[in-house]
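Let me begin by presenting the structure, written as structure tokens, before commenting on it.
In what follows, every chain begins at residue 1, and chains take the letters A, B, ... in the order their sequences are listed.
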Amino acid sequence: MSLNQLTIHDAADGIANAAFSSQELLEAVHRQIARVDDTVQAYHTVLTDPAKTSVLSDKAGSLLQGIPLGVKDNICTEGVVTTCGSKMLENFVPPYNATVMTRLEEHGAVLVGKTNMDEFAMGSSTEHSAFQPTRNPWDLGRIPGGSSGGSAAAVAAHECIAALGSDTGGSIRQPAACCGVVGMKPTYGRVSRYGLIAYASSLDQIGPLTKDVTDAAIMLEAIAGHDPKDSTSATIPVPTIVKALHRDMSEIRIGIPDEYFAEGLDSDVNDGVRAALQVLISRGAKPQAVSLLTTPYGIATYYLIATAEASSNLARYDGVKYGYRSSQSQDLLEMYCQTRKEGFGRETQRRIMLGTYALSAGYYDAYYGKAQQAREMIRSDFETAFQEVDVIVTPTMPTPAFRLGEKTDDPVQMYLSDIYTISANLGGFPAISIPCAMSRDGLPIGMQIMGRWFDELTLLQVAFAFEQETDWHLKRAPISEDSNG
Amino acid sequence: MSAYEAVIGLEVHAQLRTRSKLFCGCSTAFGAESNTQTCPVCLGLPGVLPALNTMAIEMAIRAGLALNCTITVPNQFARKNYFYPDLPKGYQISQFDLPICQNGWVEIDEEGAMHRVRIRRAHLEEDAGKNIHQVGGGVSFVDVNRCGMPLLEIVTEPDLRSSDGAVAYLKTLKDILMYLDVCDGNMEEGSLRCEPNISLKLKGQDLLGTKVELKNINSFKFVKHALDYEIQRQESVLVDGGTINQETRSWDAEQGVSVMMRSKEEAHDYRYFPEPDLMPIEISASWVNTLRLSLPELAKAKRERFVAEYGLPPYDADLLSSSRPLSDYFEACVEGFPNPKTVSNWIMGELLHALKNDNCKVVDSPMKPDRLVALMKLVDDQVISLTTAREVFLDLFRAQQMPEDFIRERGLMQISDDSALDALIDEVVHKHPKQCAEYRSGKDNLLGFFVGQVMKVSKGKANPQKVNTLIRQRLMNENVQS
């Protein structure tokens, strides 16, 4: 097995035992990028400057010491171009690090490159990147999911050991499911958003994409915790997670909502997730039907709130101070209009228009105001459910990865691929997607586990218990295998 | 007599005197080189987040309490969305439906009558930057130093009826904010900016006219000019049978006219919504109470106390309470020299004159209360004459010396010694035999002439009371002798 195929904890063991050096690990990752990334196109920027990529920190003790990571291109990296998948920021080099980058650097992790994404994290397929689509390592004709498709594909193709993504409506979990990796959205407020280029501020959350559950726990422990630079980051202490993953499943009550196994769910996904549930039940977990009646309102609620916030968050890209500026303008108004017309892609423009409309005088109450009420109902629906169960288990995505181009002309069909992931963002609670089955076409299927606010530990324990019984997380995408051995 | 009455409301933007900006650590110092007081946060770079300055919250609460407002708990920030080059994020973080302060009032003196002006709300917001346009056009620059400066926007109900009332309100408000030390009150540097709205209604009727907003007024003087102009403009439109358009007008101080900026139809839709990057602000009752107890005595209360406690005439009390540094100075002097009226006379006369002469603020006065107290004591003890003290005040004010030393070095001590004074009186009496004779024959009012002559000969240093007594005795005695 090549070094780049290792998990964080195995690689950390290898480095600690001097079986190999972190430099050799990094070189293996670079070889894999050189071999497959022209095809997968997971990265937008690969750092080849030795000064930036060499392992600088000697701070021992962290499992992340010397571990090469991919980072989604909407997380600001000091001195490294951060495009957010947009022509608007094609040449933007942040003068500062996101808080998560500072924390990972303190742990000695190594930035390999910036991963491709849907422009401004708006999309479910990474086809809305202004630069290139990313391909699914399991089937190059299919999408890797989105918007963190580059991070998910990079992990699945072993072009890094682990990666960071961001999740606004499923953008970590949905690509994790598509690419057969683990993806976690922490509780809103668990991880600092400082330095994450905002799409929808009240929904965005940074989280890990990894090869297994233990790695997700390692990454979460490293990046979680209060940050005075982010007023929405919680002061609730982060518990020990990595060393607490073993849990007796007979203490766990699993909620199974009918609404998430309804019409439109692919039969392979249905069968795969139900079989996975049986694994947990066989370990002693107690299944229980829960009702989440607000489920049908999720998509509409999400697309009003997220676009409203986006319309404001993206106002700063006006051509005045940084980023793209159109050369085709004679006056201020024209500069604004042309810059934003040329700098933003179609999907981004569509969402800015939607959000502007939702906040307009005379429409605010009917759209944004109503959506806030619906959001509160959805949150309260889950609060009630979590009084009876410890976690809720559902499919991550209604289907396995779809084909490139299949939904690009039908935004509503594209939006529906987030139907099972959106509630966790609207409600703010944590959720994880883990590989739990394969479709008849040989595509990964993801199982979503949702948990109580700030109780990432329980859902990681459930995910870990499942992983102990199965080997779905050990399956490798065909392209990731080094033919040279 | 006009058939119309003006209805005026004021929006005042007061810059709070915090050391750092509202949402980042950048300095708020005025006058720095363009774009030197900036950071990723106030530049609105991608990915940054605001972190609230607690000192601004505290100052806003203090101002709200002094303006008799209710403190809103929780209050909340909201985004006001519009595009402009001086607004890096494309939105201003302000407050909308949950402002930090609501429903207050201030009492003002409008044309001799006290009345209340209701405060509708006071909310926190960040300032925008400045666009700088090159003369001749073609190129524009943006200075973002001012971006993120903390502002408290204080909005009245339309309770004012005249330009004088508006100015009286502004003066009262400025006094309060300066007393609280939450705003430096400097209109020229933009620390206090005023935007009136104004309409006319027929006297005795309740129906309000269409209101016009005025912008770009940068001193109290212009507030009065602009309002008077606008009242006249609206009245002449109405008298001619026209209608007032709801619009925003800009005051052109050079031309002395207001000009249309934008009509109601061109008004922005700001698409306010709650700022998702900042949590609603919870304020504990105990914090509000602590701040309430720490409020200083304000000008009006102080004025009344100065009359009652020190027996000062209302004019003196009004002037001495007009600013906190001045009233503090006064009270520090009274503590060392418990004759309030004398202290008041010295401050209102010599001290303020000297400060004005040297363009100096009270707090920066080279003459601290201890030196003024020492001077007043020297006069009181007749070590130096009042006349001399007044004459040398400006030099003493500028000198870094205690008055005793100053007087000694310059030989300014008052002459109170009988034999020295007798010698001076001899000289005068012998010089003016004619007047002596007249005095003795009953022209008593010549006494002043002799005293004046002695003062002149002594170069003002003779003790006038003693001179008075001694001359009277001398002339009487000589009268008996002759």
Side-chain angles (χ1 to χ4, degrees), chain A residues 74-76 82 84 86 88-89 92 94-99 120 189 192-198 200-204 227-233 305 308-309 311-323 332-333 335-336 340 355-364 368-369 372, chain B residues 22-25 35 38-54 76-93 96-97 128-129 131 133 137-138 140-144 147 267-282:
Chain A
N74 59 351
I75 295 171
C76 285
T82 300
C84 221
S86 180
M88 193 63 97
L89 292 176
F92 175 66
Y96 72 102
N97 258 335
T99 297
F120 285 98
S192 171
R193 292 186 294 117
Y194 188 82
L196 170 66
I197 299 179
S201 313
S202 74
L203 302 162
D204 294 342
D227 175 14
K229 288 180 182 166
D230 176 1
S231 310
T232 65
S233 82
I305 290 172
E309 292 179 7
S311 73
S312 176
N313 283 332
L314 272 60
R316 68 189 65 194
Y317 311 112
D318 57 7
V320 174
K321 309 158 293 288
Y322 52 76
L332 183 64
L333 182 63
M335 181 179 94
Y336 285 150
R340 291 167 66 80
T356 303
Y357 187 78
L359 289 174
S360 297
Y363 298 96
Y364 180 96
Y368 185 78
Q372 288 291 18
Chain B
L22 188 52
F23 299 117
C24 63
N35 297 319
T38 64
C39 72
V41 174
C42 57
L43 281 170
L45 290 190
V48 297
L49 295 170
L52 182 58
N53 182 340
T54 313
Q76 190 169 37
F77 283 98
R79 290 190 188 173
K80 179 179 180 178
N81 296 284
Y82 64 96
F83 285 96
Y84 207 57
D86 67 8
L87 192 69
K89 298 191 295 297
Y91 57 84
Q92 178 192 29
I93 304 179
F96 187 54
D97 51 353
N131 291 341
H133 305 290
S140 293
F141 303 92
V142 185
D143 177 3
V144 296
C147 282
H268 293 293
D269 176 1
Y270 290 120
R271 292 175 284 119
Y272 280 99
F273 73 105
E275 166 57 282
D277 287 333
L278 293 164
M279 306 297 276
I281 303 157
E282 296 289 348

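Within the 4.5 angstrom heavy-atom criterion, no atom of B:Tyr82 approaches chain A. Both the backbone and the side chain of A:Tyr194 come within contact range of chain B, with heavy atoms under 4.5 Å apart. For A:Leu332, the part sitting under 4.5 Å from any heavy atom of chain B is the side chain, from C-beta outward, and nothing else. For chain B, no part of A:Asp204 is nearby; none of its heavy atoms comes within less than 4.5 Å. For A:Ser192, no part lies near chain B; criterion is any non-hydrogen pair under 4.5 Å. A:Pro94 does not touch chain B: none of its heavy atoms, backbone or side chain, sits under 4.5 Å away. Proximity to chain A (any heavy atom under 4.5 Å) is restricted, for B:Asp269, to the side chain, taken from C-beta onward. With a 4.5 angstrom heavy-atom cutoff, B:Pro88 touches chain A via backbone and side-chain atoms both. Using a 4.5 Å cut-off between heavy atoms, A:Ile75 does not touch chain B at all. With a 4.5 Å cut-off on non-hydrogen atoms, A:Lys321 touches chain B through its side chain but not through its backbone. Of the atoms belonging to A:Ala98, not a single heavy atom falls under 4.5 Å from chain B.
When every heavy atom of A:Arg316 is checked against every heavy atom of B:Leu45, the shortest pair comes out as NH1-O, 2.9 Å. Taking each heavy atom of A:Ala315 and B:Phe83 in turn, the nearest pair found is O-CE2, 3.3 Å.
Taking the six-membered ring wherever Trp is involved, the centroid distance between the rings of A:Tyr317 and A:Phe92 does not fall below 6.0 Å.
Atom OH of A:Tyr363 is surrounded by 12 or fewer heavy atoms from other residues, nucleotides or ligands within 6.0 Å. The environment of OH in B:Tyr84 is sparse: at most 12 heavy-atom neighbours from other residues, nucleotides or ligands sit within 6.0 Å.
Comparing A:Gln372, A:Arg193, A:Lys229 by heavy-atom pairs within less than 4.5 Å of chain B, the highest count is held by A:Arg193. Among A:Cys76, A:Ser360, A:Ala198, the residue making the largest number of heavy-atom pairs under 4.5 Å with chain B is A:Ser360.
Of the residues listed (B:Lys89, B:Gln92, B:His268, B:Arg271), the one engaging B:Asn81 in a side-chain contact (heavy atoms from CB on, under 4.5 Å) is B:Arg271, and it is the only one. For the side-chain contact (heavy atoms from CB on, under 4.5 Å) with A:Phe120, the qualifying choice from A:Asn74, A:Leu89, A:Asn313 is A:Leu89, the only one to do so.
In the model, B:Arg79 has no side-chain atom that pairs as donor or acceptor with a side-chain atom of B:Tyr270 under 3.5 Å.
By the 4.5 Å heavy-atom criterion applied to side chains, B:Phe77 and B:Asp277 are not counted as neighbours.
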